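As structure tokens, the structure follows; a few thoughts come after it.
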Amino acid sequence: MHVAPARGTAVQDHVALAEIELCGDLIIAASAAREDRLTPDQIDKVLKVAEERYPPSPANTPTP
């Protein structure tokens, strides 16, 4: 078996692993959903899209 030498693939592997994890999260959410399909809002929640678009600000964080 021939294995190609690893040259500069660390970044690509990191990105690929992150994409695989996101796909896995979507598959788990879809299999647990009661509906036939996930809504765009449900997908955003699984992928944590809203958190990246609108990160919590100190003004919106409740104090204990």
Side-chain angles (χ1 to χ4, degrees):
M1 179 170 124
H2 175 68
V3 177
R7 285 185 240 154
T9 59
V11 173
Q12 292 174 354
D13 290 346
H14 176 72
V15 171
L17 289 173
E19 289 177 356
I20 291 167
E21 184 176 351
L22 290 174
C23 288
D25 292 345
L26 281 173
I27 291 168
I28 291 167
S31 66
R34 294 181 182 175
E35 307 86 18
D36 287 338
R37 298 173 188 226
L38 294 175
T39 65
D41 287 339
Q42 290 171 317
I43 293 170
D44 285 351
K45 185 176 180 181
V46 170
L47 298 179
K48 300 177 183 163
V49 172
E51 291 176 14
E52 290 184 18
R53 285 188 196 157
Y54 309 105
S57 65
N60 295 335
T61 306
T63 54

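Note that this is a predicted model, so its numbers are computed, not measured.
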(request) Treating Ile, Leu, Val, Met, Phe, Trp and Tyr as nodes and any side-chain heavy-atom pair under 4.5 angstrom as an edge, say whether V46 and I27 lie in one connected cluster. (result) no
(request) Please round to the nearest 0.5 Å and tell me the distance separating atom CG of L47 and atom SG of C23. (result) 8.5 Å
(request) Locate the shortest heavy-atom distance separating L38 from A33; write the atom from each residue and the value. (result) CD2-CB, 3.7 Å
(message) To the nearest 0.5 Å, what is the distance between CG on D44 and CD on Q42?
(response) 10.5 Å
(message) Hydrophobic clusters here meaning ILVMFWY residues chained together by side-chain heavy-atom distances under 4.5 Å, can you tell me if I28 and I43 are in one?
(response) no
(request) Working to the nearest 0.5 Å, report the span between CG of D25 and NZ of K45. (result) 13.5 Å
(message) Tell me if the CD atom of E21 is crowded by more than 12 foreign heavy atoms within 6.0 Å.
(response) no
